[in-house]
Amino acid sequence: MNGEVDETVTERPGRVRGWAAVRNLMRLSVRWISLRLRLMLVFALVALAAAVSASAIAYWLNRDAVLTRTQNAALDDFRKSLQDNTGTLPLTPTCPELQEAADRMAATSQKYEVLLIGRVKGGGECAAPSNRDLFTLKAVPKSLITAVNRERKVDESNPYPYHLYWQRITLDGQPYLVGGAKVIGGGPTGYLLKSLENERQDLNSLAWSLGIATALALIGSALLAQAAASTVLRPVQRLGEAARRLGEGKLETRLDVSGTDELAELSRTFNKAAESLEKRVEELSARESASRRFVADMSHELRTPLTAITAVTEVLEDEADSLDPMIAPAVQLVVSETRRLNDLVENLMEVTRFDAGTARLVLDDVDVADQVTACIDARAWLDAVELDAERGIMARLDPRRLDVILANLIGNALKHGGSPVRVKVRPVEDRLIIEVRDHGPGIPEDVLPHVFDRFYKASASRPRSEGSGLGLSIALENAHIHGGEITAANSPEGGAVFTLALPLDVSAADGGNDSAQGPDQEDAT
């Protein structure tokens, strides 16, 4: 018997978890978490990992120290007591002598139970436990019995044939230390059983203390994360608010900058960008304003000479039959181009009113069918247009601007589509829907997005036509000022379809404002 101590350790395999699925779930959910929560979560996870790691290390170090100290003290005492109490026994003691020795060994300060097993007089073996109700040979693991009874070869590295072995076990839910050794020279075999309940309670108290410390560390990290998040996110929130105001057109927005960190540098960059944007917008606004004034002034200045030229062309047109046949075509060309120039000037003036925001509505209650009929009749289109409109559909809108819209849509269908042109009027809930459909080849798909653009013409090889390129644009602006819309599409049955949608009561949609408009405009056909 010597002081060698062996330990048998059994490890329970852990259950493999689906970490890949958890990572994917976290990756999907992160995008829905605010930056503040993400910062706090990161702080909390780091603090939790650090606290749990530190607590686990402290727990296992203390556990190992407590158990090692207890078991070494018990085993050392058991070894000494076994030597002292069995050394005085005869080579073949009686069973009462073994029992007396076991009771003496159990009476030490280490408070463990003893079981002595040896050959006695008269033959056979005797098992002498200090506590027969608690400690019998059945409580000793078979692996420990085998190790204790195994005789080793004695050599220079192993001077003793038998050694002291120990193992931690659980009996009836209580932890115990079991040790055993065989007395060299044919003596009895002794086993000890020491309760580790006090040590377990001490370790449980330590675990609770470390758990409380971990929880306090987690709470402290959450508070620190909140403070850090506020420190970091406050400038970010101000930057976001400034960007929002800048997006709303408040170009004078600037940020107060202090410090030299990355956020301060970002704020300075934002201020520089905002200042540059403000200057650029001011330049563009000045240029746009100058362009609008130029178009308005030019259109206004052209009206006076155009009035005189129009009067002359009307005289020439009246005398066209008496003119030289060689001159008549030229006179007719001058008359048509003068009218076209006059329409272009009027359209340009109307466009400048829309751009300047000075166009206004003069609302009236009108019978839509009568209004459409009057528009078609005024332009002598009755033979080329089919009207599907019930009488009595009343709408409150600007009749002059509705006439401009219809004149441009129907005129465009007659010029570029195919007869017959059909106009269908119907109310849908609180909206007035007017469809203008032709039976031509339709509108090419690449042209559809641009049909309402100013001066846009579908064929670049035919830049010159009777229209000014502003008719559909003006029609759309007149629809917008009513709170309506115009859409263009191709009919599955062939031909193009323009759909006008207006409120049946524009005054209700516009807050009840019946506004007077600027100078009158002739129909833009």
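Side chains are part of it too, since the values below use all heavy atoms of this structure and drop only hydrogens, waters and symmetry mates. Since we're looking at a predicted model, the values are computed, not measured.
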**Study point:** Worked verdict on Ile486 versus Phe452 for side chain to side chain contact (heavy atoms under 4.5 Å, CB included)
**Key:** CA-CA 9 Å; Ile486 303 177; Phe452 296 105; 3.5 Å; yes
Point to revise | Asp388/Arg422 under salt bridge (Lys or Arg N to Asp or Glu O under 4.0 Å): CA gap, chis, key distance, verdict | key: CA-CA 7 Å; Asp388 179 7; Arg422 293 178 179 173; over 6 Å; no
Practice item. Would you please test Leu397 and Leu432 for side chain to side chain contact (heavy atoms under 4.5 Å, CB included) and show each step? Key: CA-CA 11 Å; Leu397 43 74; Leu432 172 66; 4.2 Å; yes
Check your understanding: Please walk me through it: do Asp403 and Arg379 pass salt bridge (Lys or Arg N to Asp or Glu O under 4.0 Å)?
Key -> CA-CA 11 Å; Asp403 181 81; Arg379 292 160 180 83; 2.8 Å; yes
Review point. Would Leu246 and Arg244 count as a side chain to side chain contact (heavy atoms under 4.5 Å, CB included) if you check the C-alpha gap in whole Å, the side-chain angles of each, and the deciding distance to 0.1 Å?
Key: CA-CA 5 Å; Leu246 194 66; Arg244 185 185 63 80; over 6 Å; no
Check your understanding: What do the steps show when you test Val425 against Ile433 for side chain to side chain contact (heavy atoms under 4.5 Å, CB included), and what is the final call?
Key -> CA-CA 6 Å; Val425 180; Ile433 306 299; over 6 Å; no
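By the 4.0 Å N-to-carboxylate-O rule, Glu282 lies too far from Lys279 to be salt-bridged with it. A salt bridge links Glu493 and Arg437; the closest N-O separation between the charged side-chain nitrogens and carboxylate oxygens is under 4.0 Å. For Arg245 and Glu248, the salt-bridge test fails: no basic side-chain N is under 4.0 Å from an acidic carboxylate O. Ion pairing between a basic and an acidic side chain is recognised when a charged N comes within 4.0 Å of a carboxylate O; Lys424 and Glu435 show no such pairing.
Dense packing is recorded around CG of Asn204, with more than 12 heavy atoms of other residues, nucleotides or ligands lying under 6.0 Å away. The number of heavy atoms from other shown groups lying within 6.0 Å of CD (Glu390) does not exceed 12.
The structure places CG of Leu500 at 7.0 Å from CG of Leu402, a figure rounded to the nearest 0.5 Å. Remark: Ile481 CD1 to Arg360 CZ distance equals 7.0 Å, nearest 0.5 Å. Expressed to the nearest 0.5 Å, how far CD of Gln174 lies from CZ of Arg200 amounts to 5.0 Å. Summarising the geometry, atom CG belonging to Leu363 is positioned 5.5 Å from atom CZ belonging to Arg396; distances are rounded to the nearest 0.5 Å. A distance of 9.0 Å separates CG in Leu196 from OG1 in Thr170, rounded to the nearest 0.5 Å. Distance check: Glu199 CD to Leu203 CG gives 7.5 Å after rounding to the nearest 0.5 Å.
Side-chain contact between Asp398 and Val506 is absent, with no heavy atoms from C-beta onward closer than 4.5 Å. Counting heavy atoms from C-beta outward, Ile434 and Ile405 have side chains that stay 4.5 Å or more apart. Inter-residue side-chain proximity for Arg238 and Glu241 is flagged as unmet; no heavy-atom pair is nearer than 4.5 Å. Using a 4.5 Å heavy-atom threshold, the side chains of Asn490 and Val497 count as separate. Leu502 places none of its side-chain heavy atoms less than 4.5 Å from the side chain of Arg431. Side-chain atoms of Tyr176 and Ser195, non-hydrogen and from C-beta on, do get closer than 4.5 Å to each other. Between Leu472 and Leu409 there is a side-chain heavy-atom pair separated by less than 4.5 Å. The side-chain heavy atoms of Asp505 and Met394, taken from C-beta on, include no pair separated by under 4.5 Å.
Of all the heavy atoms in Ala264 and Val257, the pair that sits closest is O-CG1, 3.6 Å. Nearest approach of Leu387 to Ala369, heavy atoms of both residues: CD2-O, 4.3 Å. Taking every heavy atom of both residues into account, Ala395 and Val368 meet most closely at CB-CG2, 3.8 Å. In plain terms, the two heavy atoms of Glu429 and Leu504 that are nearest each other are O-CD1, 3.6 Å. Between Ala488 and Val451, the shortest heavy-atom contact is CB-CG2, 3.9 Å. When all heavy atoms are compared, the tightest approach of Pro420 to His439 is O-ND1, 2.7 Å.
Screening residues 43-69 for side chain to side chain donor-acceptor pair (under 3.5 Å) gives Ser55-Thr214 as the qualifying pairs, with residues at least two apart or on separate chains.
Between the side chain of Arg254 and the backbone N or O of Phe270, no donor-acceptor pair lies under 3.5 Å. The backbone N or O of Lys250 sits less than 3.5 Å from a side-chain atom of Thr253, completing a donor-acceptor pair.
Residues passing the salt bridge (Lys or Arg N to Asp or Glu O under 4.0 Å) test with Glu485, sequence neighbours excluded: none. Contacts of His450 classified as ring-ring contact (aromatic ring centres under 6.0 Å, His included), with partners at least two apart in sequence or in another chain: Tyr456.
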